[in-house]
There are 4 protein chains.
Amino acid sequence: MLDAALDVFAEKGIDGASVKDVAAAAGVTPGLLYHYFAGKEALVTALLRERGFARRLRELLEQDRGRSATEVLPRVMREFDGLLAANAKLLRLFFAAGHSHENVRSVLAEFVAEGQAAMADYLRSRVAEGELRDHDAHTTATALFASLAVGRSAGIPVDVAELVGLVLHGLVRPDGDTPPETEREITGA
Amino acid sequence: MLDAALDVFAEKGIDGASVKDVAAAAGVTPGLLYHYFAGKEALVTALLRERGFARRLRELLEQDRGRSATEVLPRVMREFDGLLAANAKLLRLFFAAGHSHENVRSVLAEFVAEGQAAMADYLRSRVAEGELRDHDAHTTATALFASLAVGRSAGIPVDVAELVGLVLHGLVRPDGDTPPETEREITGA
Amino acid sequence: MLDAALDVFAEKGIDGASVKDVAAAAGVTPGLLYHYFAGKEALVTALLRERGFARRLRELLEQDRGRSATEVLPRVMREFDGLLAANAKLLRLFFAAGHSHENVRSVLAEFVAEGQAAMADYLRSRVAEGELRDHDAHTTATALFASLAVGRSAGIPVDVAELVGLVLHGLVRPDGDTPPETEREITGA
Amino acid sequence: MLDAALDVFAEKGIDGASVKDVAAAAGVTPGLLYHYFAGKEALVTALLRERGFARRLRELLEQDRGRSATEVLPRVMREFDGLLAANAKLLRLFFAAGHSHENVRSVLAEFVAEGQAAMADYLRSRVAEGELRDHDAHTTATALFASLAVGRSAGIPVDVAELVGLVLHGLVRPDGDTPPETEREITGA
DNA sequence: CATGAATGAGACTTCATTCAT
DNA sequence: GATGAATGAAGTCTCATTCAT
C-alpha cells in the first residue's frame, strides 16, 4: 500500500494525486486506506518515515568514522547517489512535499537535518584528524547533498566523481606532508 | 496581480492556493483574473516568466566574461544569493512547482537550464583562459546553484564565501609544478 | 433557498438531510449553497435567525404590558399556538437541533431565553400590579411554552384555553360549593 | 454495552455517533455489536426499551390511585424530576431521536403516550372523587411532564413545587378585594 | 473592464455493515 | 463469541471555470 502510494505520489505529486488514485494503484478501496492511515497526510508521513534513507546515510558515515575523506567521500557519495537513483520517486516526493501540511514538512526537515548532521560530523572528525583544513562543515555537507539531489531531481546530470573531486581538492590541506590523495602518492612514487 | 499571485502561491503552494485566494489577495474578483489570464496555469507560467531571475544571472555573468573566476565568482554568487534572499517566495514556488502541470514544468526547466548554461559558459571561458583546470562545468554550476538554493529553501544556512572558496580552491591550478590531477599529469607526460 | 432548507430539514432532520437534498429542493446545485452559506451549520443558524419567532413573541407581550393577564394570556397563547402551528416545520427543527454543532445550539438557547424572558417579564409586571400572586415567573413561562411546543411537536393535542385556564386558576376545586368555573356556573344556573 | 450506547448517543446524538464510537466506548469491536443487535437502529430501540422509565411512572401513579392530588402530585412530580435528573442522558436522547428512523420514532411515541395516559388516568380518578374540577386531563398531563422535561433538557431551571402549585392552584390571586378575573367579578355581581 | 452568481466534477472522509477467520 | 479487514455508498465541501449583466 505504501509502495503504491510512493508510485502515485511521485508521479503526480502529493496534491496532484487523490486518495482514490492511491487506493486504485494499491488495488484496494479508498475506505481501506482510512482503516490504516488517519488521512492523506498521515499516509505521506508514514511513507516518508518508512522509506526515508537518512538512517542508511548515517550508518554509512559512522562505520567509516576513522577512515580518510579521500577514501570515504567517493564511496559514500556514490552510495548516496545510488540511493537517490534507486529512490528517484521518493526524491521527487521530498521536493514536492515542501508545501504540504505542516506535519509533512516537519518530518522532512527532520530527515534533512539528520543527513546533514551525519555528514558534518564526519567532516569535522576528519578536520580533527588533520586530514582536512578547518572549514564550515555544514556548507560542505549541503553542497554535497544538494548538488546530487537537485541534479537527480531536475534531471541535470551530475558526475559524482567530479563533485567529490571538486569538494576534496578544496578542502585537503595543500601543504606537502599530508598527501591529498592516496592514489597520487602511490602513482607519484 | 502577479505580486499577489506570487505571495499566495509561495505561501500555500500552487495546488494549495485557489484562484479565489489569489483574486482576493489582489483585491479583484476571480472573474477578472480570467480576463487577463487564460487560467490558473497561465497565471503561474506568466508569473515565472515575469519574475524569474535567470536573465539577470546571465547578464551578471556575461559582463564579467573576461575577468578571473577568483574575482567574479564571489561577487556573482553573492549577488545570486541576494536574489534568492530577495525572492524567497519565488524560490519556494520553484521547488513547489515541480509536480504541476506540464507547461509549468517546462517553463521551470527552461529557466534552470538557462542559469546552468550561463554559469557553465563562463566557467569554460575561464578554462580556456587557463585560469581554471579542465572540468565538468555543468557539475560545478549545479553544485554552486543547488547548494545555495537548497540551503535557502530548506532554511539551512550556507555561507557564500565558504561555498565559493570550496569550489575555487578545488579548481584553480596551484601554480604549475604540482599538477592538480595525477592521472592527467602522467598521461600528459 | 431558506424555504427549501426549512422544508427539507423539518422533514428529514438536520443530520438526516444532506446538503444535496436541500439544494435539490431549492432547485440549485450544492455548490451554490456554499456560495451563500459557509456550510451546513451556517445554513441552519441562518435559517433559525431568519425564521425564528422569538421577536414576534416579545412584541406581542410588550404591547400588552398594561393589560390584565386574564385578558392577555389567552390571546397571546392563542397567537403563540398559531405561530407554532404555522411554523410546525420550524418547531420540529428546533427540537431536532439539540444535538447539532455548538453554534446551532447557542442560537437556539438564545431564542428560548428571549421568549422565556419576555413572558417572565410580563408576568412579573402583573404581579406588581397586584393581579397575580407572587410566584416563580420562569417556571410559569416554561410551563406555558413547553406544554404547547411539546404538544404540537409530539402530536399531542393541547387545548390552549384549557392550558391558560389551568395556569390561571389551577385544578383544585376552591371548596365545593363554589364551582370552579364562572361560565359553567352561570350556564348551570 | 447499552450503557456505553446511552453515553455516546446522549453526548453526540444518534446520527452524530457512529457504531464504532459506541463499540469503542463499550470496549468491544463493532463486529460484536452486530452479534447482539441487528443494527444501529435496533440498538437505539433496545436502549429505549431497556432504559425507558414510562413503566416506573405508571407504577408510581397506580399505587397512589386513591390518594389526593395535593398529596400525590408533589411527590410523583418530584420523583419524576428525579428520574429525569438521573437519566439526563436518556432525556436528551429522547429529544434528539425525533427525526431518526421510523422505528425509533414509534417506540418513542409509545412511551410518551404511556406516561401521558398514566397521569391522565390518575387525574380523572381525582375528578371522579370530587377533589379536582372537571378538565382536560391530557392537557394537564402534558403541561406537567413537558415543563419538567423541556426545563431539564434545555437547562432552564424549573421548580417542581412551583410547578405543582401552579397547576393545582393557578396564578390568580384568590383574595376578594382585587378581583382575579374581570368576567367573574362582573358576572358574579 | 469588472462582477459575482452559478455549475459540475471531483476531493477527502465517514460509516453502517458484512464476513472470513 | 469475537475480531478487524474490507467495502460501497454517501456526505460535506472546494474549486477552476463560465457567463449574463
Side-chain angles (χ1 to χ4, degrees), chain A residues 1 12-24 26-44 100-101, chain B residues 1 8 12 14-24 26-44 100-101, chain C residues 1 8 12 14-24 26-44 100-101, chain D residues 1 8 12 14-24 26-44 100-101:
Chain A
M1 221 145 90
K12 305 192 176 185
I14 293 177
D15 288 321
S18 71
V19 172
K20 209 170 163 186
D21 290 338
V22 173
V28 299
T29 56
L32 191 55
L33 278 183
Y34 286 87
H35 190 71
Y36 292 105
F37 304 97
K40 192 184 187 181
E41 192 178 309
L43 178 58
V44 174
S100 293
H101 285 262
Chain B
M1 220 145 93
V8 175
K12 304 189 175 184
I14 293 177
D15 287 319
S18 71
V19 172
K20 210 170 164 187
D21 289 339
V22 173
V28 300
T29 54
L32 193 54
L33 273 183
Y34 282 85
H35 195 74
Y36 291 106
F37 303 96
K40 192 183 187 181
E41 196 178 307
L43 177 58
V44 175
S100 295
H101 290 259
Chain C
M1 223 145 92
V8 175
K12 304 190 176 185
I14 293 178
D15 288 321
S18 72
V19 172
K20 212 169 163 187
D21 290 337
V22 173
V28 300
T29 55
L32 190 55
L33 276 184
Y34 286 87
H35 190 72
Y36 292 104
F37 303 97
K40 192 185 187 182
E41 192 179 309
L43 178 58
V44 175
S100 295
H101 285 264
Chain D
M1 221 144 92
V8 174
K12 304 190 175 186
I14 293 176
D15 288 319
S18 70
V19 171
K20 212 171 164 187
D21 289 338
V22 173
V28 300
T29 54
L32 192 54
L33 273 184
Y34 282 85
H35 195 74
Y36 291 106
F37 302 97
K40 191 186 188 180
E41 196 178 305
L43 178 58
V44 174
S100 293
H101 290 260

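Below, chains carry the letters A, B, ... as their sequence lines are ordered, and counting in each starts from 1.
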Please list, one pair per line, the donor and acceptor atoms closer than 3.5 Å that link side chains of residues 27-40 of chain A to other protein atoms, with sequence neighbours excluded.
| from | atom 1 | to | atom 2 | distance (Å) |
| --- | --- | --- | --- | --- |
| A:Lys40 | NZ | A:Ile14 | O | 2.8 |
| A:Lys40 | NZ | A:Ala17 | O | 2.8 |

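What separates NZ of D:Lys20 from P of E:dT14 is a distance of 9 Å, to the nearest Å.
At the heavy-atom level, C:Ala23 lies nowhere under 4.0 Å from the strands shown. Backbone-only contact: C:Ala17 has heavy atoms under 4.0 Å from sugar-phosphate atoms and none from a base.
For D:Gly16 and B:Thr29, each mapped to the nucleotide of DNA chain E holding its nearest heavy atom, the one lying further toward the 5' end belongs to B:Thr29.
From the 5' end on, the contacts that DNA chain F makes with chain D at under 4.0 Å to a non-hydrogen atom open and close at F:dG1 to F:dG4.
Listed by first residue number, the stems of DNA chain F with at least three Watson-Crick or G-U pairs below 3.5 Å are E:2-21 with F:2-21.
Within residues 30-38 of chain D, the residues that have a heavy atom under 4.0 Å from DNA chain F are, in order of number, D:Gly31, D:Leu32, D:His35, D:Tyr36.
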